[in-house]
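Here is the naming used below: chain letters follow the sequence lines, and residue numbers restart at 1 for every chain.
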Amino acid sequence: MPLRLFNTLTGQLDPLEPADGKALRMYACGPTVYDYGHIGNFRTFLQIDVLRRFLQLSGVALRHVMNITDVDDKIIRNAAQAGVSIGEYTARYEAAFFEDLDALRVQRPEQIARATEHIGQMVALIQKLAEAGAAYQAEDGSWYFRLRAFPEYGKLSKKDLSGMEDGARVDVDEYEKDSARDFALWKAPKPGETSWETAIGQGRPGWHIECSAMAMEYLGESLDLHAGGEDLMFPHHENEIAQSETVTHKPFARHWMHVRFLLVDGRKMSKSEGNFYTLRDLLLKGYKASAIRLALISVPYRHQLNFTFDGLVEATAAIDRLRTFHQRLTEGQFGPGATPAMQEAAHKAHADYLAALANDLNTAEARAPIFDLVRAANTAIDQGQFLAADRDAILAVLKDFDAVFDVIADNDAEPTRQALAWAEREGRMAEVAPELLAAQSISDEAIEALVAERTLAKRQRNFARADQIRNELAEKGVVIEDSKDGVRWKRK
RNA sequence: GGCGCGGUACCCAAGUGGUAAGGGAGAGGUCUGCAAAACCUUUAUGCGCCGGUUCGAUCCCGGCCCGCGCCUCCA
């Protein structure tokens, strides 16, 4: 089923398909690596991951490029303060960024493009703009895009800038510009700042030119899709369009996807509001990576998501339900054959699930048939109306669910372990939740041994000892489940 | 001021012109040595307010109230 995805440019749901019939060429704006990523950043990357994974599930090949902005004003400032080169400074946060993506099971794009490794392409693009009369150099050596050279400016964000007079806004930019709205392509260095010596002079690239140059370098002049956070629509993406289309006279991207913001307690997340969380903050509070992933993708990308800790608790419970069910299927014994009812239920759930995702990546709607199926199957199993082929059919549905959601498979131990190791290195152990430390104090092997001892004690009807062990484990966040099929345990 | 989005049960959150998915929490039950867990059942005569269109609107139109985002670096 082809994906119908909202297109900011056209304002409607458009089918998303590769123009060349082979691979979808998509560009997504990546991070500026000047600090640790926060959960708002990751909501965007997670939603783009949902897009990627659904396309792959649909059999669409991908050529996905993501930039890393590893030079900008903040980086230069922070690196100088730290007394290191910008390369040293950014390397650390870039590594942290990828660690965080891994923790959240966000797939890597096919191509990562660092700004500092594509200075030549940016300079070439600025030269072409200058030839077209759309770029000019100011007295200090900086280059600007002449907005008047691109009459369609504003077509993405639906802004009419014709009524905006120069000087109507206070422009604090200290550089010389022809028009207040003209944006920087290339910034001349102030004394001591990192810069490159190039054909257009000494300096560093502006943020917008990066994305135009790198997108076209890897994907050609006309992309199938360009994605990013909603805040980038204006001016960043508008500027990219202006720069690119002025040179190519072709649509820069046919399809634009914008992920709406994550709010915290109903407000935009910001450090000054005190509602700012990095992924690491949440992991150290004891929340599982899978719960964070599910919470951030369960509200469809086109809606604001109000992040709360209750939401994480809820996601944790939802995942537990799915994992417990999955375990019940894989470990249970079922007779040969199939029941028409379960086969039909599995088939319907699968179809509904895919249809929901194909409908503008409606993740909330996509979850529902999966949980419906869980309930139907649990009921059937309880009633003994469930056979081996039913299990296989349902496991196939869950496999496709996890192909996109990726939360049933339990990969939570490693991110938590890494976050703790990081906290240790950074001297931030004080931020670690006590329950998390308690849980870390017991190994799987030790748990297995205690569970075995408890089972033996129960068999000998030594309930006092059995309960003692149960309590001991509970204190370390380990939950024991006695069932007909045997004893299971899990970490809470 | 301009542009855009949203207000659905205790909480989160889908959705449709014909009478409300799903998750969480709560309650009841099954199971259990007990408990927990697990599992099942259950929970909105109503979808911000007021009009209109319609045989019929939560869903379409108009007005109003409230909240949020963008318009500046920002995912």
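- Considering only the side chain of A:K74, B:rC73 comes nearest among B:rC73, B:rC71, B:rC39.
- Aromatic ring centroids of A:F45 and A:F97 lie under 6.0 Å apart.
- Candidate nucleotides B:rU72, B:rG15, B:rG33 were compared by shortest atom distance to the side chain of A:R181, and B:rU72 ranks first.
- Checked against the 6.0 Å centroid threshold, A:Y93 and A:Y36 count as a close aromatic pair.
- In terms of polar N and O atoms assigned as donor or acceptor, the side chain of A:D482 comes within less than 3.5 Å of the base of B:rA35 in a complementary pairing.
- The local environment of NZ in A:K285 is sparse, with at most 12 non-hydrogen atoms from other residues, nucleotides or ligands closer than 6.0 Å.
- Listed by chain and number, the residues in a salt bridge (Lys or Arg N to Asp or Glu O under 4.0 Å) with A:D410 are A:R323 (sequence neighbours excluded).
- Cation-pi contact between A:R302 and A:F6: present, with separation from the ring centre below 6.0 Å and deviation from the ring axis of at most 45°.
- A salt bridge links A:E453 with A:R465: the closest approach of a Lys/Arg side-chain nitrogen to an acidic carboxylate oxygen falls below 4.0 angstrom.
- Note on A:N306: every side-chain N or O is 4.0 Å or more away from OP1 and OP2 of B:rC68.
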Can you give one letter per nucleotide of nucleotides 19-24 of chain B, 5' to 3': B if a protein heavy atom sits under 4.0 Å from the base, S if only from the sugar-phosphate, - if neither?
--BSBS

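- Between A:K458 and A:H236, the one whose closest nucleotide on RNA chain B sits nearer the 5' end is A:K458.
- Aromatic ring centres of A:H226 and A:H237: separated by under 6.0 Å.
- Consecutive Watson-Crick or G-U pairing (both distances under 3.5 Å) extending over three or more pairs maps onto RNA chain B as B:1-7 with B:65-71, B:10-12 with B:22-24, B:26-30 with B:38-42, B:48-52 with B:60-64.
- Every ring pair (Phe, Tyr, Trp, His ring centres under 6.0 Å) that A:Y277 has, sequence neighbours left out, goes to A:F309.
- Side chain A:K268 to base B:rC68: no donor-acceptor pair is found below 3.5 Å.
- A heavy atom lying under 4.0 Å from RNA chain B marks the following residues of residues 465-479 of chain A, by number: A:D467, A:R470.
- Distances from the side chain of A:K159 to the nucleotides B:rC39, B:rA35, B:rC71 place B:rC71 closest.
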Protein N or O to nucleotides 4-8 of chain B N or O, pairs below 3.5 Å:
from: B:rC5; atom 1: O2'; to: A:R260; atom 2: NH1; distance (Å): 2.8

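- Nearer the 5' end of RNA chain B, as judged by each residue's closest nucleotide, is the contact made by A:L305, out of A:G266 and A:L305.
- For an aromatic pair to be called close, the ring centres must be under 6.0 Å apart, and A:Y218 with A:H118 satisfies this.
- With centroids closer than 5.5 Å and planes inclined by less than 30 degrees as the test, A:F463 and the base of B:rG33 pass as a stacked pair.
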